[in-house]
Asker: 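Below is a structure I'd like to ask you about.
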Amino acid sequence: MNKLFVSLACALSLGYLATAAPMKTTLASYNQGINIIPQPKELVQGKGSFALTAKTPLLAQGDSAYIIARFFAEKLQRSTGYQLPVRSSSSAQPGAIYLRIDPSLQLGHEGYQLKSSPRGVEVVGRTGAGLYYGMQTLLQLLPAEVESPSLVKMARWNIPAVTIEDEPRFEYRGALVDVCRHFLTVEDMKQHIDLLSMFKINRLHWHLTEDQGWRIEIKKYPRLTSVGSKRIEGDGKEYGGYYTQEQIKEIVKYASDRFVTIVPEVELPGHAMGAIASYPELTCFPYRRVYQVRNIWGVEQDVFCAGKESTFQFIQDVLDEVVPLFPGQYFHIGGDECPKIRWKECPNCQKRIKDEGLKDEHELQSYVIRRAEKMLAKYGKKLIGWDEILEGGLAPTATVMSWQGEKGGIQAANMGHDVIMTPGSGGLYIDHYQGDSKIEPVAICCYSTLEKVYSYNPIPEAIAPDKRHHIKGAQANLWAEYLYTTPLMQYRAFPREIALAEAVWTPLEKKNYKDFERRLDNAYVRLDQHKVNYHIPLPEQPLPGSRQSASLNYVAFTDTTSLTLQTTRPIRIVYTTDGSEPTAKSQTYTQPLHISKSQVVKVASVLPSGKLSRVRAITFDKQSLSPAVELATPTPGLRTKTSVGNYYSAADFASATNWTEGVVKTTQELRPDRLNNHMDEIKRKAVVGEGYIKIPADGSYVFSTNLDQMYLDGELFIDNSGETSKFSRHDKSRALKAGWHRVKFVFVGAVRGGFPTYWEDTKVEYRKLEDAKFSTVTAEMLAY
Ligand code: ACM
Ligand code: ZN
């Protein structure tokens, strides 16, 4: 055979070509095998495959099936270019894809059967939702490129022969989006809904009101959006956004067409500063201070006044406008994190407690929730609240969303209440880190790997067997404090929302994380077609002799050193040492690299599709030990100078003249008191501490700090200027001789990215390059 013929024969037998020209013969590994996510309940693979062609008809039995057939024909047309005929039919036909709804199917409400063979395909849903999910499964049997919004040339669009019987393990399969901290446009929302529905997630919890912004138009209270939707950020810029009621309807309809029900959340009685800034009379002490939409994260202490009847009128009015916009059964009223400090001193709240015979403020919280429950009941809605609604007695019909671990959920289920599990401790707070905090974008606190989300089982052992049916499902929460942009929001959401999808759909005994990772390689390519900025594990540097990462982009060494890399999920690492950008074809990392000269090593992870992660440039700098200085009479501490001014970063106070002088013992004291909670407590100032640090022994030292700047031996060494002051992401090392070295530290008191620098510890940490642990620079190590 000549070469060309071999290539063609090979390509045809493999089923399709990745692109039309030039003819590729290699089968993309990510399209091999069956890659359905979530893994179906029962799947048996048959022989051969069904070839989708431009002539394949979609036959639908009944109007509902016809609408779904049209939906998928349109979708298939975009990538395949085929104008598939859609026709009504009361029977299957050879060579066709036949869609029907059969209410007598012995499967759950959202169940479906899918049978494909070389002769044809039949998809039967118990309901419209079931049929829709069957068709999503059908799409996942096709090459991943089927998700492309534009024409892709494939040699063949093949559907492997399978018999599938499928239904979800849980009826509530949820994802929360927090549009209060980071606003999502109508288009962003639609894209997210598309992605969720691909993986059979059927609830979108839409967090619409907050201390940091009110995001839904209420016609009776225009200030909720003209005032409450806007905040002035720490850098002085206005941040805002809200949905008109028409836009809400548009999004609800869009979701409903994709079998996603939106669960709106209007927060009460806490997390209400968006409303209070608009109408201060809603709070206990309207005249006590100026109320502004919060530009710092955290929980506001001023909440809705539970004493004044006018507050309840407001809630009723808001619900009267919001409830009719959302056809779903559930309505979320928040109920979490409501400080009681104002209620304790408010005469109206205290009178309410007395008049209603309530024991305390916790029962007052319960009173508010019960009144909301009654308001919602008139509309036939079921109230959901965060687990704090257990405080002071659970409202009779409430469903509890368990977020502070599973405790509240277990308690509520054992009391006979419905529960949705969303514990941060179970990995379901997907605003947490999924990789090394020293190189990942700043996140809120903790660590939630893909495997942790995947492994979550919503039914804890502690729930009595006869109460387990109260667990309606689980939800991943994408809080948005540190999701400053939509691409960053996607980076946190994906692939973890896909792992959640399988955790709530697939029977426990069919879950298999290793196989999920394999199928994910295909799902990534689907996400690529939607231009989703999903997380790809970065190459990380472990601490010496440890599995814990503490990545370092600047490594000073004296003789030789090495570079060890690891990733949080199995993935190929590529690298270059000549300064060029790595590509999928670059050298594969297999073992630690020996480093003996100054050089930049660029590293990236690469997916089977050839897509690269962000590239990390790691600078290796061969140094001689920087000499120490003699201090004749070292005095403990650092000399400081402080300037009060409207500063945002270190560059802003170059010409300041209002300095006052002082001394501190530690770098922690460079940050004045840890201010608490209120925006008006934040004092704009700069504090500079200068002196010397005592290095215990010759060697290369890594330093880490959240201070704005650290100078070492007269050079700007660590520069966090203008960044959110959490989880130092500019660690750096330097070769130092034992003894005193000149240092300068800069603290800027400001709010950056919603985070006041006053909330962070301003310690400085260090370790020798070869050590596995950081230590904190102590008072004994500082002098001037
Ligand atoms: C929550 O995270 N406060 C529900
Ligand atoms: Zn009050």
Side-chain angles (χ1 to χ4, degrees), residues 174-178 180-181 205-212 263 265-273 275-276 279-288 291 294 297-312 314-315 332-356 358 360-361 363-365 367-369 371 384-391 399-409 419-432 443-446 448 474-483:
L176 171 145
V177 289
D178 167 14
C180 299
R181 279 62 172 250
H205 177 167
W206 204 3
H207 185 77
L208 285 164
T209 73
E210 250 306 340
D211 289 327
Q212 287 86 11
V263 179
E265 180 180 355
V266 172
E267 275 259 25
L268 50 106
H271 284 280
M273 188 46 77
I276 292 166
Y279 298 98
E281 60 271 27
L282 291 167
T283 193
C284 294
F285 301 100
Y287 307 107
R288 191 177 267 185
Y291 295 100
R294 269 173 87 90
W297 312 137
V299 178
E300 182 57 52
Q301 289 173 344
D302 286 286
V303 300
F304 285 131
C305 177
K308 290 184 266 193
E309 201 49 33
S310 54
T311 306
F312 293 94
F314 170 83
I315 294 169
H332 203 304
I333 52 69
D336 60 318
E337 298 179 315
C338 178
K340 311 295 186 292
I341 172 170
R342 300 289 180 256
W343 290 359
K344 281 191 205 297
E345 47 173 343
C346 168
N348 292 314
C349 287
Q350 290 306 314
K351 180 167 185 309
R352 175 82 69 189
I353 287 175
K354 196 154 155 270
D355 291 352
E356 297 291 334
L358 306 172
D360 57 12
E361 290 73 24
E363 290 199 356
L364 184 57
Q365 148 116 353
Y367 169 86
V368 176
I369 306 299
R371 285 194 63 173
I384 306 185
W386 300 108
D387 54 43
E388 288 93 331
I389 65 169
L390 282 150
E391 269 178 38
T399 296
V400 171
M401 204 168 250
S402 191
W403 71 279
Q404 301 175 97
E406 295 178 330
K407 197 166 62 48
V419 169
I420 293 142
M421 286 293 188
T422 181
S425 55
L428 301 198
Y429 268 47
I430 55 171
D431 52 338
H432 292 174
I444 198 156
C445 70
C446 323
S448 165
Q475 173 173 294
N477 291 342
L478 193 55
W479 296 109
E481 281 90 337
Y482 299 94
L483 304 182

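Start at 1 and go down the list; that is how both ligands and their atoms are numbered.
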Asker: Please state whether the rings of Phe312 and Tyr367 are parallel, tilted or perpendicular, taking 30° and 60° as the class boundaries.
Answerer: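 The rings of Phe312 and Tyr367 stand perpendicular, inter-plane angle above 60°.
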Asker: With a cut-off of 4.0 Å, which atoms of ligand 1 are near a heavy atom of Trp479?
Answerer: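 So the answer, numbered in order with elements, is 1 (C), 2 (O), 4 (C).
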Asker: Name the closest protein heavy atom to atom 3 (N) of ligand 1, giving the residue it belongs to and the distance to 0.1 Å.
Answerer: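 The protein heavy atom lying closest is Asp336 OD2, 2.6 Å.
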Asker: For atom 2 (O) of ligand 1, what's the nearest protein heavy-atom neighbour? Residue, atom name and distance, please.
Answerer: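 Result: Tyr429 OH, 2.5 Å.
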Asker: Thinking salt bridges, do Glu309 and Arg352 make one under a 4.0 Å N-O criterion?
Answerer: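 Yes, this pair counts.
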Asker: Should the pair Glu391-Lys340 be classified as a salt bridge under the 4.0 Å nitrogen-to-oxygen rule?
Answerer: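 Salt bridge: yes.
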Asker: With a heavy-atom distance limit of 4.0 Å, tell me whether Glu337 approaches ligand 1 through its side chain, its backbone, both, or neither.
Answerer: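 The answer is the side chain.
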Asker: Between the side chains of Glu265 and Trp386, does any donor sit under 3.5 Å from an acceptor?
Answerer: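 The answer is yes; a qualifying pair exists.
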